[in-house]
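Note that the structure is a prediction, hence the values are computed from the model and not measured. Letters A, B, ... mirror the listed sequences (proteins, then strands); counts begin at 1.
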Number of protein chains: 2
Amino acid sequence: MTAANEHVGTGTLGKAIDVLEAVAAAPEPLRFTDLLKLVDQPRGTLHRQISNLIEEGLLSVRRDNSYELGLTLLKLASRAWSGNQFRAIAEPHLKRLHELTGETVHLGVLRGVEVIYLDKVESRQAVRMYSQIGNASPVYCTGVGKAALSALPDAELEKRLAAIVFKRHTETTLPDLAALRGEIAEIRASGLAFDRQEHEVGIHCVAAPIHSRDRDFVAGVSATAPAYRISMEQLTAWGPLVRETAAAIMEDMAARLGPKA
Amino acid sequence: MTAANEHVGTGTLGKAIDVLEAVAAAPEPLRFTDLLKLVDQPRGTLHRQISNLIEEGLLSVRRDNSYELGLTLLKLASRAWSGNQFRAIAEPHLKRLHELTGETVHLGVLRGVEVIYLDKVESRQAVRMYSQIGNASPVYCTGVGKAALSALPDAELEKRLAAIVFKRHTETTLPDLAALRGEIAEIRASGLAFDRQEHEVGIHCVAAPIHSRDRDFVAGVSATAPAYRISMEQLTAWGPLVRETAAAIMEDMAARLGPKA
DNA sequence: AATTGAGTTCCACATAATGGAACTTAAGAG
DNA sequence: CTCTTAAGTTCCATTATGTGGAACTCAATT
């Protein structure tokens with residue numbers, strides 16, 4: 001649980017999404033009463049909300065009366081992905097970076113205090129794709145997340161930093177704000193962010209920030225590799241390539257989305 | 001456009017989903033006025049609905065004021081996929097079928113008059129995964145779709161058939177209800193459905209139906225291959241394997257979801 | 001048979017969505 | 001450069017819609 005589910009739904013729609021997010025965030029199946037405890041709503045209300053969600057195919061009921069997210073979401077997400085403009089622009093650059101490094105390449109965008117992975121390129125498709133794309137990870141322990149943070153204007157950065165809840169994932173996870181601030185300073189200086197097995201043991205990466213002209217949109221690209229096979233030196237050596245990829249994506253964005261709104 | 005967007009949203013939530021589906025179904029970018037024509041709502045109302053959707057991250061605005069689906073959908077769909085019980089049960093069986101045939105294996109569930117692909121197993125990952133999973137195709141021109149239809153109780157089948165709008169995708173696409181009814185009879189007899197390049201030229205498949213005990217849930221598995229490499233004879237020869245896979249999935253469902261609700 | 005807890009239905013009430021109209025911008029024509 | 005038309009946005013009285021307390025059903029447990 002990151003701070004992501006402290007989302008306060010506004011309006012009828014917001015409440016509905018809150019229910020979906022509660023179901024999404026739960027590590028184990030939820031039944032009616034479990035949900036009732038999670039979302040702060042009266043029984044009658046929640047019951048009707050759930051009915052509506054089921055009606056729309058956003059939620060469905062299992063045999064044991066627990067809930068799971070519905071197929072409508074898959075259908076919509078499939079279109080959200082293929083129709084995403086930023087992803088389409090970045091795609092060829094990701095492929096190129098993959099060809100140059102031979103390793104897995106990720107594209108992620110910053111949203112609140114988490115990173116949502118928009119795309120992934122890897123050759124040996126050992127891992128299933130859906131398990132990564134759309135996946136949300138905390139900012140402070142991913143290369144893409146830290147890179148994205150570094151690209152924010154100071155005022156905005158402070159707001160986001162304040163919202164982070166630190167949780168130790170591995171031995172090397174940044175423990176607190178002070179450590180994160182230190183890293184961000186370094187990232188701003190070098191234009192590169194490293195994840196030194198901070199999210200998952202055995203996995204490290206180099207990442208570079210991507211941002212729109214006015215920095216209201218920030219994202220990142222990374223090259224990720226298993227630590228046993230790729231050394232930190234090798235990772236560092238890829239730094240310039242990753243930075244160039246990010247730069248190329250930004251150029252393309254500027255060119256294809258008009259000089260500026 | 002299939003009959004899918006004749007969805008009539010009920011309640012506030014339904015209207016919101018209608019807007020999302022309109023954006024999802026559009027082949028080209030929509031601006032405010034375009035959307036206004038598609039969803040039948042007064043300007044002020046639509047405007048506020050859009051604001052709410054944007055607020056929740058379900059929609060976002062491009063530089064040119066056209067809309068695209070938001071990242072929240074990716075995040076939720078990622079969980080919808082990994083948490084889906086049916087998919088999890090079917091997964092090992094799909095892998096086994098893939099190993100036996102060496103070809104691409106699909107799992108799809110019936111929803112209204114379309115099939116939504118829930119999973120896909122293939123070795124050479126030439127095609128991007130998101131382009132298939134979550135993808136919705138018409139029932140009448142896919143193996144999985146026809147297999148699923150054949151498993152419906154008659155009353156339900158008739159309702160669905162009535163809602164189908166036939167559109168010719170290829171030379172061999174079933175042209176009308178009569179043709180489809182004929183096929184369904186055959187599928188019921190043999191337990192196997194074929195897609196003879198009816199959806200896409202050069203691609204054909206064998207599929208078998210999957211259903212829950214009371215048939216309120218129907219789906220299908222298929223083995224798909226390019227026509228230039230795999231003959232109809234070979235496809236037919238795989239039939240029993242596909243049927244066995246479907247049977248194994250149903251057994252697993254019965255065992256893991258309780259003898260019956 | 002009695003008790004508890006889960007899940008569902010109902011309805012007077014209040015909140016939140018509605019939609020008409022007025023208001024800004026932005027684009028095109030004369 | 002001003003006029004005109006169209007696109008996009010805001011406002012607010014009206015009303016429809018969602019709300020939530022309480023009563024109810026159903027199943028499991030003792």
Side-chain angles (χ1 to χ4, degrees), chain A residues 7-23 26 28-70 72 85 214 216 257-261, chain B residues 7-23 26 28-70 85 213-214 216 257-261:
Chain A
H7 175 250
V8 178
T10 178
T12 309
L13 181 62
K15 312 254 184 72
I17 301 297
D18 284 350
V19 173
L20 290 183
E21 299 211 311
V23 174
E28 63 211 18
L30 297 174
R31 290 195 327 288
F32 183 82
T33 318
D34 305 318
L35 249 182
L36 196 56
K37 281 171 214 150
L38 288 176
V39 303
D40 191 33
Q41 304 245 8
R43 289 150 66 104
T45 302
L46 178 63
H47 190 264
R48 186 179 30 75
Q49 284 173 340
I50 290 175
S51 304
N52 292 336
L53 289 168
I54 291 173
E55 177 79 19
E56 297 299 329
L58 298 173
L59 209 58
S60 67
V61 200
R62 300 207 185 98
R63 285 310 243 280
D64 64 348
N65 280 337
S66 63
Y67 301 108
E68 65 182 22
L69 297 175
T72 299
Q85 204 171 35
D214 47 11
D216 59 350
L257 306 184
K260 167 92 167 67
Chain B
H7 175 251
V8 178
T10 179
T12 309
L13 181 63
K15 312 254 184 73
I17 301 296
D18 284 350
V19 174
L20 290 182
E21 299 210 312
V23 174
E28 62 211 21
L30 297 174
R31 292 195 327 286
F32 184 82
T33 317
D34 305 319
L35 250 180
L36 196 56
K37 281 171 215 151
L38 288 175
V39 303
D40 190 35
Q41 305 247 5
R43 309 218 320 238
T45 302
L46 178 62
H47 191 264
R48 185 179 29 75
Q49 284 172 340
I50 290 175
S51 303
N52 291 336
L53 289 168
I54 290 172
E55 176 80 19
E56 297 299 330
L58 298 173
L59 208 58
S60 65
V61 201
R62 300 208 186 97
R63 285 310 243 282
D64 63 348
N65 280 337
S66 64
Y67 301 108
E68 65 181 22
L69 297 174
Q85 204 170 34
R213 227 243 220 32
D214 47 11
D216 58 351
L257 306 184
K260 167 86 167 70

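The nearest whole Å value for the distance from the CG atom in Asp34(B) to the P atom in dA6(D) is 15 Å. In this structure, the CG atom of Asn65(A) is 15 Å from the P atom of dC26(D), given to the nearest Å. As a whole-Å value, the separation of Arg63(B) CZ from dA26(C) P is 15 Å. Rounded to whole angstrom, the span from the NZ atom of Lys15(B) across to the P atom of dA16(D) amounts to 12 Å. Going from atom CD of Gln49(B) over to atom P of dT18(C) covers 5 Å, rounded to whole Å. The CZ-C1' distance, from Arg48(B) to dA13(D), rounds to 14 Å in whole Å. Following rounding to the nearest Å, Ile50(A) (CD1) and dT19(D) (C1') show an atom-to-atom distance of 15 Å. One can place CD1 of Ile54(A) at 8 Å from P of dT8(C), the figure rounded to the nearest angstrom.
Pro29(A) and Arg62(A) make their closest contact through CB-NH1, 3.5 Å (heavy atoms, listed as atom of the first residue, atom of the second, distance). A pairwise comparison of heavy atoms in Gln41(A) and Leu46(A) identifies CB-CB, 4.5 Å as the closest pair.
Residue His47(B) places none of its side-chain N or O atoms closer than 4.0 Å to OP1 or OP2 of dG8(D). A sub-4.0 Å separation between OP1 or OP2 of dA6(C) and a side-chain N or O of Arg31(A) is absent. For dT19(D), the OP1/OP2 oxygens have no side-chain nitrogen or oxygen of Thr45(A) closer than 4.0 Å. OP1 and OP2 of dA17(C) both lie 4.0 Å or more from every side-chain N or O belonging to Gln41(B).
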Report the C-alpha separation of Thr12(A) and Leu13(B) in whole Å, then their side-chain angles, then the decisive distance to 0.1 Å, and conclude whether the side-chain contact (heavy atoms from CB on, under 4.5 Å) test is met. CA-CA 7 Å; Thr12(A) 309; Leu13(B) 181 63; 5.9 Å; no

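Along DNA chain C, the nucleotide nearest to Gly44(A) and the one nearest to Lys37(A) differ in position, and the one closer to the 5' end is contacted by Lys37(A). For the pair Tyr67(B) and Thr12(A), both in contact range of DNA chain D, the more 5′-proximal nearest nucleotide belongs to Tyr67(B).
Distances from the side chain of Phe32(B) to the nucleotides dG8(D), dT18(C), dT19(D) place dG8(D) closest.
In terms of polar N and O atoms assigned as donor or acceptor, the side chain of Arg43(B) comes within less than 3.5 Å of the base of dG8(D) in a complementary pairing.
With rounding to the nearest 0.5 angstrom, the CD1 atom of Ile50(B) is 11.0 Å from the OG1 atom of Thr45(B).
In this structure, Thr33(A) reaches the sugar-phosphate backbone alone: every heavy-atom distance under 4.0 Å involves primed, P, OP1 or OP2 atoms, never a base.
A donor-acceptor distance shorter than 3.5 angstrom exists from the side chain of Glu68(A) to the backbone of Gln85(B), with no hydrogens or angles considered.
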